[in-house]
Amino acid sequence: MKQIIISNIRREDIPDIVDIKINGWRKAYKGLISDDILNSLNEEQIIKKLEKNYTESGFIVAILNETIVGFCNYIDSNKYTQDMADIDCEILALYVKPELKYNGIGTKLFNYVLNVFKEKNKSKMLLWCLKENEPSKKFYEKMGGKILTTREFKIENENYIEVGYVYDI
């Protein structure tokens with residue numbers, strides 16, 4: 001495989017990112033999240049939301065052969081985990097094109113963000129994962145994560161459980 005390049009997101013990258021996210025959800029969450037929810041993912045709505053807030057946090061893309069093949073969104077605060085005072089940074093999303101998983105792209109994105117947090121003297125990172133998503137859980141554990149907690153969340157009035165992985169930086 002050619003070299004993977006990590007770069008900050010550009011506005012024109014948003015449609016490619018949304019495509020990766022929707023296809024990633026439909027493949028990874030098939031049988032875990034209702035088909036109605038997966039089939040109702042609206043590309044235009046997600047693009048509009050991202051165009052509005054893609055600069056509010058860290059957001060990088062992985063590029064291979066001039067094509068975006070993955071992305072990672074992160075924050076260097078505990079904005080979403082204020083009930084966990086020792087958490088000072090978080091990976092909000094990490095996706096790789098489903099057909100390119102297991103080629104080191106996710107690892108490269110993850111390690112890039114970890115280095116950003118190290119440079120900012122962060123100490124504990126959190127990452128949430130759907131409890132039933134075994135392939136992703138294996139990846140996050142391979143990257144050194146330990147399950148800290150679980151929480152319930154809703155998608156369109158359906159309840160799901162996710163696990164929170166903590167990482168010492």
Side-chain angles (χ1 to χ4, degrees), residues 1 3-9 17-18 20-33 37-38 41 46 50 53-54 56-64 68-155 158-169:
M1 180 172 276
Q3 185 176 2
I4 301 160
I5 298 164
I6 304 296
S7 174
N8 286 318
I9 186 175
I17 287 166
V18 170
I20 291 169
K21 180 176 182 171
I22 289 173
N23 287 329
W25 268 59
R26 287 183 177 151
K27 183 157 172 102
Y29 299 148
K30 181 96 176 126
L32 306 179
I33 290 180
I37 291 171
L38 295 177
L41 292 171
I46 299 170
L50 261 180
N53 63 19
Y54 77 98
E56 293 177 6
S57 58
F59 214 131
I60 56 172
V61 293
I63 301 167
L64 179 66
I68 294 175
V69 294
F71 69 91
C72 186
N73 184 214
Y74 58 94
I75 56 171
D76 63 357
S77 70
N78 71 341
K79 178 179 177 178
Y80 304 111
T81 54
Q82 293 172 353
D83 57 328
M84 297 181 222
D86 61 333
I87 301 297
D88 57 7
C89 53
E90 183 173 351
I91 288 182
L92 303 172
L94 190 145
Y95 289 87
V96 172
K97 278 190 170 186
E99 66 274 17
L100 292 174
K101 285 186 172 184
Y102 310 105
N103 283 294
I105 298 164
T107 300
K108 190 142 184 167
L109 287 164
F110 187 97
N111 287 332
Y112 182 96
V113 171
L114 213 53
N115 285 327
V116 167
F117 290 150
K118 283 179 186 175
E119 288 173 10
K120 293 183 176 199
N121 295 316
K122 300 298 178 180
S123 60
K124 286 220 186 288
M125 179 180 79
L126 187 67
L127 181 150
W128 292 99
C129 179
L130 190 64
K131 184 179 180 186
E132 308 299 322
N133 186 349
E134 292 301 325
S136 291
K137 285 172 51 181
K138 283 181 185 162
F139 172 74
Y140 297 134
E141 289 165 12
K142 183 183 103 180
M143 299 308 292
K146 305 273 187 269
I147 294 177
L148 174 69
T149 188
T150 61
R151 70 180 179 187
E152 196 171 287
F153 70 103
K154 277 188 189 281
I155 304 175
E158 293 192 34
N159 292 328
Y160 297 94
I161 304 285
E162 57 187 353
V163 293
Y165 284 95
V166 67
Y167 296 83
D168 291 319
I169 298 177

If you round to the nearest 0.5 Å, how far is [atom2] of [Y] from [atom1] of [X]?
X	Y	atom1	atom2	result
Asn73	Leu109	CG	CG	11.5 Å
Ile4	Ile63	CD1	CD1	11.0 Å
Leu41	Trp25	CG	CH2	6.5 Å
Leu126	Ile87	CG	CD1	5.0 Å
Ile105	Leu64	CD1	CG	6.0 Å
Leu32	Leu38	CG	CG	8.5 Å

| task | Begin from the C-alpha positions of Thr149 and Met84 and carry the test side chain to side chain contact (heavy atoms under 4.5 Å, CB included) through to its verdict. | result | CA-CA 10 Å; Thr149 188; Met84 297 181 222; 3.8 Å; yes

Using only atom types and a distance under 3.5 Å, with no angle test, would you say the side chain of [X] pairs donor to acceptor with the backbone of [Y]?
X	Y	result
Lys137	Glu132	no
Asn133	Ser136	yes
Asn103	Leu100	yes
Asp88	Ser123	yes

Please output the side-chain donor-acceptor pairs of residues 162-169 that fall under 3.5 Å, not counting sequence neighbours, one pair per line with the distance.
{"from": "Glu162", "atom 1": "OE2", "to": "Arg151", "atom 2": "NE", "distance (Å)": "2.6"}
{"from": "Glu162", "atom 1": "OE2", "to": "Arg151", "atom 2": "NH2", "distance (Å)": "2.9"}
{"from": "Tyr165", "atom 1": "OH", "to": "Glu141", "atom 2": "OE2", "distance (Å)": "2.7"}
{"from": "Tyr167", "atom 1": "OH", "to": "Tyr140", "atom 2": "O", "distance (Å)": "2.8"}
{"from": "Asp168", "atom 1": "OD1", "to": "Lys124", "atom 2": "NZ", "distance (Å)": "2.3"}

| request: Among residues two or more places apart or on two chains, list those pairs meeting salt bridge (Lys or Arg N to Asp or Glu O under 4.0 Å) that have a residue in residues 92-114. | output: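 Of all non-adjacent pairs touching residues 92-114, none passes salt bridge (Lys or Arg N to Asp or Glu O under 4.0 Å).
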
| task | Go through the steps to decide whether Ile91 and Cys72 satisfy the test side chain to side chain contact (heavy atoms under 4.5 Å, CB included), and finish with yes or no. | result | CA-CA 7 Å; Ile91 288 182; Cys72 186; 3.8 Å; yes

Work out which heavy atom in [X] is nearest to a heavy atom in [Y]; give both atom names and the distance.
X	Y	answer
Phe139	Leu94	CE2-CD2, 4.5 Å
Tyr74	Phe59	CE2-N, 3.8 Å
Lys122	Asp76	NZ-O, 2.9 Å

| said: As a quick check of understanding, evaluate side chain to side chain contact (heavy atoms under 4.5 Å, CB included) for Phe153 and Leu130, giving each step before the final call. | reply: CA-CA 10 Å; Phe153 70 103; Leu130 190 64; 3.8 Å; yes

| request: Show your reasoning for whether side chain to side chain contact (heavy atoms under 4.5 Å, CB included) applies to Leu50 and Lys21. | output: CA-CA 12 Å; Leu50 261 180; Lys21 180 176 182 171; over 6 Å; no

| request: Run through Val61, Ile68, Val69 and flag the one making a side chain to side chain contact (heavy atoms under 4.5 Å, CB included) with Ile20. | output: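 Among Val61, Ile68, Val69, the one that satisfies the side chain to side chain contact (heavy atoms under 4.5 Å, CB included) with Ile20 is Ile68.
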
| message | Atom NZ of residue position Lys30 - does it have more than 12 heavy atoms of other residues, nucleotides or ligands inside 6.0 Å? | response |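 Counting neighbours around NZ of Lys30, 12 or fewer heavy atoms of other residues, nucleotides or ligands fall under 6.0 Å, so no.
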
Validation: residues 110-119 side-chain donor-acceptor distances under 3.5 Å, sequence neighbours left out:
{"from": "Asn111", "atom 1": "ND2", "to": "Thr107", "atom 2": "O", "distance (Å)": "3.3"}
{"from": "Asn115", "atom 1": "ND2", "to": "Asn111", "atom 2": "O", "distance (Å)": "3.3"}

